[in-house]
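Every chain is numbered from 1, with letters handed out A, B, ... down the list of sequences.
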Amino acid sequence: MDESHTNAKPTPENLDDPPNSRLFLVASRFVTEEELRERFSAFGDIQDVWVVKDKQTKESKGICYVKFAKSSQACLAMEEMHGKVLQDGSKPIKVFIAQSRSSCSHRDVEDEELTRIFVMIPKTFSEEDLKNTFKEYGDIEYCVIIRNKLTGESKGLGYVRYYKPSQAALAIENCDKAYRAILAEPRNKASSSEDYNSMASRSDYSSGADSLNMYPFNMAAPAEPVSYPMMDYRTSAGSGGTDLTRCLMVSTRAGLTQEQIFALFDIIPGMEYCELQRDAYGMSKGHAMIRYTNLGSALYAKDKLNGFEYPPGNRLVVNFMDDGEDRSSSVGRMAMQFVATQMMSSVWNGPSNSQGIKPTASHLGFAGPPVSRIQTDVSLPPLKKLAPSDSKAKERLFVVFSPAPLPVDVLEDVFCRFGSLIEVHLVPGRKVGYMKYADKQCAMDALATLHGHIVNGVKMKVMLADPPREESHKRLRTY
DNA sequence: CGACGGGACGC
DNA sequence: CGACGGGACGC
């Protein structure tokens with residue numbers, strides 16, 4: 001278990017750098033390094049040429065490697081030189097991107113693995129935006145944005161398939177670093193069964209279906225943000241299909257837990273589903289979907305909870321997921337009235353009778369006198385509004401918690417009181433966090449007031465945060 | 001002591 | 001069928 005290799009050397013075997021910048025060629029035994037250098041130098045900066053020779057006889061084995069400075073150069077050379085005859089009478093050469101030296105596989109690297117990139121994009125991007133952004137690097141076969149299957153909401157990730165490896169490589173090398181473009185892992189891991197997928201469903205990949213219109217709804221409406229069709233495969237006709245007229249989407253800037261959202265929307269009777277959208281850390285992304293059994297409950301929930309501040313200072317935004325529906329009907333109003341009546345009666349009957357308002361509602365501050373959930377040894381200013389989430393951070397505080405971090409909502413409640421708080425960020429798995437402020441003085445006030453004090457039994461060290469480490473090694477040593 | 005930053009497709 | 005050398009680190 002304990003391999004005492006504590007000093008991990010920079011493994012010298014991984015230096016196929018950058019990745020996919022080296023070519024593997026199968027050529028005639030008479031080809032020389034000089035000739036290869038001549039024929040391949042037109043495609044880029046050659047760093048190394050090597051013809052593999054037998055150890056004893058020193059004769060060429062017809063295997064050669066050509067290392068370029070960039071992957072795009074190697075790819076271009078491959079595309080142009082594969083199949084070329086270098087010397088009269090010899091067989092056409094084969095040119096592939098070499099397997100990385102650390103890999104033990106000698107399988108050919110296929111174009112399939114070199115033509116699709118994986119990028120991080122704004123959530124507002126459509127496939128069209130994605131294509132327009134990346135077409136400058138080459139011809140695009142298709143673009144796909146990864147979306148939530150239920151809501152159609154973008155996950156901020158996308159794929160772009162080019163026709164040629166050199167185009168994908170150019171995109172990765174030259175696109176804005178914010179896109180974090182990398183080669184996509186091939187989709188098919190090890191498809192063992194292929195037959196239960198009928199042939200009809202595979203037509204999207206074949207090139208014969210020109211007549212297939214990719215954007216049946218969208219063609220005539222250029223700038224209109226069309227809501228995407230998310231009913232390609234029906235939600236099976238089980239009890240109560242997912243019709244969106246009863247689905248709400250709540251957006252919040254505070255990191256609310258599933259339990260908090262659930263408790264809040266469960267105050268209105270009829271909630272049948274509640275799902276927080278999470279990111280890779282399992283933290284709240286600020287969106288959740290809530291579905292009620294009936295339109296009246298959904299209407300009532302939107303009416304009462306849209307704009308509601310929870311926790312204080314954090315304004316919830318609640319919307320129906322199928323925008324554009326007309327809900328001003330008298331039927332809707334009656335349904336809402338019915339729900340209101342339902343809730344009133346449960347109040348009169350008291351919460352002790354199981355159904356109706358849950359006990360959780362009271363400590364959400366939804367009913368009854370506002371009881372502070374903050375206990376502290378320092379006197380706090382009153383609550384203040386959060387700064388807009390797109391505010392520029394002028395100062396950050398670094399907070400260490402002992403013995404354990406406080407919940408995000410509590411921290412927002414405490415740290416917002418000095419004004420201009422943009423957001424609270426806890427480091428997952430650690431006992432530290434960052435508070436972003438739009439105003440330096442507000443941050444300093446918070447620091448001075450809160451440092452060394454105790455909130456809900458948790459002691460806090462509050463310090464100015466070091467600047468984020470970014471890419472200091474790139475810019476700092478230019479002189 | 002106590003430090004941030006990421007990522008995956010209905011087979 | 002067709003897969004991996006040579007050189008040498010740090011002031």
**Non-neighbouring partners of Lys385(A) that pass salt bridge (charged side-chain N to carboxylate O under 4.0 Å, His left out), sequence neighbours left out** = Glu309(A)
**Message:** What I want to check is whether an N or O donor and acceptor connect the side chain of Lys94(A) with the base of dG2(C) at under 3.5 Å.
**Reply:** yes
**Request:** Compare every heavy atom of Glu35(A) with every heavy atom of Leu86(A), then report the nearest pair and how far apart it is.
**Result:** O-OE2, 3.8 Å
**Message:** Short of 4.0 Å, heavy atom to strand atom, which residues of residues 442-464 of chain A count as contacting DNA chain B?
**Reply:** Lys461(A), Met463(A)
**Request:** Take Leu426(A) and Phe401(A) through the side-chain contact (heavy atoms from CB on, under 4.5 Å) test and state the conclusion after the steps.
**Result:** CA-CA 10 Å; Leu426(A) 286 179; Phe401(A) 305 96; 3.7 Å; yes
**Request:** Respond yes when some side-chain nitrogen or oxygen of Arg430(A) is under 4.0 Å from OP1 or OP2 of dG2(B), and no when none is.
**Result:** no
**Prompt:** When the ring centroid of Phe134(A) is compared with that of Tyr179(A), is the distance short of 6.0 Å?
**Reply:** yes
**Complete:** Considering only heavy side-chain atoms of Arg29(A), the closest of dG2(C), dA3(B), dG2(B) is dG2(C)
**Message:** I need the residues from residues 72-81 of chain A with at least one non-hydrogen atom less than 4.0 Å from DNA chain C; give them sorted by number, or say none.
**Reply:** none
**Item:** Under-4.0 Å side-chain N/O to phosphate OP1/OP2 contact, Arg187(A) with dC11(B)
**Value:** yes
Residues 67-79 of chain A, side-chain donor-acceptor partners within the protein, below 3.5 Å, at least two apart:
residue  : atom : partner   : partner atom : Å
Lys67(A) : NZ   : Asp17(A)  : O            : 2.9
Lys67(A) : NZ   : Ser21(A)  : OG           : 3.0
Lys67(A) : NZ   : Gln47(A)  : OE1          : 2.7
Ser71(A) : OG   : Asn20(A)  : O            : 3.0
Ser72(A) : OG   : Glu173(A) : OE1          : 2.7
Ser72(A) : OG   : Glu173(A) : OE2          : 3.3
Gln73(A) : OE1  : Asp45(A)  : N            : 3.2
Gln73(A) : OE1  : Ala69(A)  : N            : 3.4
Gln73(A) : OE1  : Lys70(A)  : N            : 3.2
Gln73(A) : NE2  : Asp45(A)  : OD2          : 3.3
Glu79(A) : OE1  : Ser166(A) : OG           : 2.8
Glu79(A) : OE2  : Ser166(A) : N            : 2.6
Glu79(A) : OE2  : Ser166(A) : OG           : 3.1

**Complete:** Per-nt protein contacts along nucleotides 4-9 of chain C (heavy atom under 4.0 Å; B base, S backbone sugar-phosphate only, - none) come out as BBB---
Distance-only donor-acceptor hits, side chain of residues 435-443 of chain A, under 3.5 Å, sequence neighbours excluded:
residue   : atom : partner   : partner atom : Å
Lys436(A) : NZ   : Glu423(A) : OE2          : 3.3
Tyr437(A) : OH   : Phe415(A) : O            : 2.7
Asp439(A) : OD2  : Gln441(A) : N            : 2.9
Asp439(A) : OD2  : Cys442(A) : N            : 3.0
Gln441(A) : NE2  : Asp445(A) : OD1          : 3.2

**Request:** Could you state the atom-to-atom distance from NZ of Lys53(A) to C1' of dA3(C) in whole Å?
**Result:** 16 Å
**Message:** Whether the Ser105(A) and Ser103(A) side chains hold a donor-acceptor pair (N or O, under 3.5 Å, no angle test) is what I'd like checked.
**Reply:** no
**Message:** Can you confirm if the NZ or CZ of Arg246(A) lies within 45° of the ring axis of Tyr292(A) and under 6.0 Å from the centre of its six-membered ring?
**Reply:** no
**Message:** Any base atoms under 4.0 Å from Val432(A), or only sugar-phosphate, or nothing? Heavy atoms, all strands.
**Reply:** sugar-phosphate
**Message:** Is it the case that the ring center of Tyr162(A) lies less than 6.0 angstrom away from the ring center of Tyr137(A)?
**Reply:** no
**Fill in**
For Ile374(A) and Val455(A) the tightest heavy-atom approach is CG2-CG1, 4.1 Å
